[in-house]
Structure formats: structure tokens, C-alpha cells
Amino acid sequence: QLVESGGDLVQPGGSLRLSCAASGISRNDMGWYRQAPGKQRGLVASITSDGAYIDYASSVKGRFTLSRDNAKNTVYLQMNSLKPEDTAVYYCNSLGQSYSWGRGTLVTVSS
């Protein structure tokens, strides 16, 4: 079961660090996804199982950093320079979406 945490209300320009933990994460290529109100869920960042390759959506590149700790079966998303358009529920899952979706964690960027 995926458990996401770390979401909060933050002002524009602020930072947050999201975490996602689940059994078996260390064996999977993982991604962070987000779903804004009225929009479809989409992939914002991905990382291979060994952490060697990381990719970002153009909308977050240079502001977000994805990392993982396989010993803890956890992936992280460091989000800096947050913008109001980053407001969404953030989820993690494998790139094959092999896990059942968790509840996500809400990030709200607003002054």
C-alpha cells in the first residue's frame, strides 16, 4: 500500500518535500503524479529502480527533485519555487502503475 505524505499549504515561492513509502518500492521504477482540480492525473517525475535515470515534466524541471532511498522503500519529491499552478493532489506509483493508488497528499500553493 502506497502512503504519500508531506503535502501542505504553502505560499508561492515556498518549498515542500513529499514522501512515499510502500513495500517493494525498491524493485520498481517509480513516479510522482499529480491531479489538479478538474484535470486528469499526470506524471510529473520518474526515477529508475537504481536511481540512475530521472526525468521531469517540463513544467517542473529545474524546480522539483526526485530521489529515492531503496533501503527505506521510499521515494521523495523535493519541490522548490512552488507556483499556484502546482496546486494538486500528489500521488506516487510505479511507472507501470502496479500498485493500487494511495490517498495522495494535497499540495496547495496560495498566498
Side-chain angles (χ1 to χ4, degrees):
Q1 181 181 358
L2 295 163
V3 179
E4 300 95 346
S5 62
D8 205 345
L9 171 63
V10 62
Q11 291 187 342
S15 298
L16 285 174
R17 189 192 194 207
L18 307 184
S19 299
C20 170
S23 175
I25 276 183
S26 62
R27 299 189 294 270
N28 289 279
D29 298 340
M30 296 296 295
W32 278 98
Y33 303 76
R34 69 184 181 187
Q35 185 169 20
K39 296 187 177 181
Q40 289 190 332
R41 183 159 45 202
L43 181 67
V44 296
S46 61
I47 186 169
T48 53
S49 58
D50 61 0
Y53 185 75
I54 304 172
D55 197 20
Y56 299 94
S58 58
S59 58
V60 306
K61 193 170 292 185
R63 300 187 298 119
F64 289 11
T65 302
L66 177 54
S67 61
R68 66 190 301 154
D69 185 338
N70 283 344
K72 296 182 178 180
N73 274 312
T74 302
V75 293
Y76 304 98
L77 187 66
Q78 177 68 42
M79 306 188 297
N80 299 329
S81 302
L82 282 161
K83 304 175 180 180
E85 51 263 43
D86 295 318
T87 295
V89 179
Y90 285 72
Y91 304 86
C92 69
N93 209 324
S94 67
L95 292 189
Q97 300 178 14
S98 57
Y99 290 88
S100 296
W101 291 98
R103 297 177 64 179
T105 187
L106 177 62
V107 172
T108 303
V109 185
S110 175
S111 55

The side-chain hydrogen bond (donor to acceptor under 3.5 Å, both in side chains) partners of Ser23 (sequence neighbours excluded) come to none

Provide the full list of side chain to side chain donor-acceptor pair (under 3.5 Å) pairs with a residue in residues 100-111, sequence neighbours left out, each pair given once.
none

Provide the full list of side chain to side chain donor-acceptor pair (under 3.5 Å) pairs with a residue in residues 4-15, sequence neighbours left out, each pair given once.
Ser15-Asn80

With hydrophobic residues grouped by side-chain heavy-atom distances under 4.5 Å, do Val75 and Leu43 end up in a single group?
no

Other residues, nucleotides, ligands: >12 heavy atoms within 6.0 Å of Gln40 CD:
no

For the side chain of Asp69 and the backbone of Thr74, is there at least one donor-acceptor N/O pair under 3.5 Å apart?
no

Cluster check Ile25, Leu66: I/L/V/M/F/W/Y, side chain < 4.5 angstrom
yes

Determine, using the 4.5 Å side-chain heavy-atom cutoff (strictly less than), whether Val44 and Ile54 are members of one ILVMFWY cluster.
yes

First locate atom CE of Met30, then atom OG of Ser67, and finally report the distance between them rounded to the nearest 0.5 Å.
12.5 Å

Which salt bridge (Lys or Arg N to Asp or Glu O under 4.0 Å) pairs, counting each pair once, include a residue from residues 37-52, with sequence neighbours left out?
none

At their closest point, which heavy atom of Val89 faces which heavy atom of Gly104, and how far apart are they?
CG1-CA, 3.9 Å

What distance separates Ile47 CD1 from Asn28 CG, expressed to the nearest 0.5 Å?
12.5 Å

Only counting residues at least two apart or in another chain, list the ones meeting side-chain hydrogen bond (donor to acceptor under 3.5 Å, both in side chains) with Asp55.
none

Taking all heavy atoms of Tyr33 and all of Ser94, pick out the closest pair and write down the distance.
OH-O, 3.1 Å

Can you list everything that forms a side-chain hydrogen bond (donor to acceptor under 3.5 Å, both in side chains) with Tyr91? Sequence neighbours excluded, please.
none

What residues form a salt bridge (charged side-chain N to carboxylate O under 4.0 Å, His left out) with Arg27, not counting sequence neighbours?
none

Using the test side-chain hydrogen bond (donor to acceptor under 3.5 Å, both in side chains), find all partners of Arg68 that sit at least two apart in sequence or belong to another chain.
Asn70

Would you please name every residue forming a side chain to side chain contact (heavy atoms under 4.5 Å, CB included) with Val109, sequence neighbours left out?
Val10, Pro12, Leu82, Pro84, Asp86, Thr87, Val107

If you look only at pairs with a residue in residues 29-90, which of them pass as a disulfide bond (SG atoms under 2.5 Å apart), with sequence neighbours excluded?
none

Taking only residues two or more places apart in sequence, or in another chain, which ones meet Phe64 in a ring pair (Phe, Tyr, Trp, His ring centres under 6.0 Å)?
none

Approximate separation, where rounding is to 0.5 Å, of Trp32 CH2 and Asn93 CG
11.0 Å

Will you find, in the side chains of Asp29 and Thr48, an N or O donor that is under 3.5 Å from an N or O acceptor?
no

Heavy-atom check, side chain of Arg34 versus side chain of Leu77, under 4.5 Å
no

How far does CE of Met79 sit from CZ of Arg17, to the nearest 0.5 angstrom?
11.5 Å

Identify whether Tyr99 and Tyr76 are in the same connected component of the hydrophobic contact network (ILVMFWY, side-chain heavy atoms under 4.5 Å).
no

Got a sec, which pairs hit disulfide bond (SG atoms under 2.5 Å apart) with one end in residues 60-111, sequence neighbours left out?
Cys20-Cys92

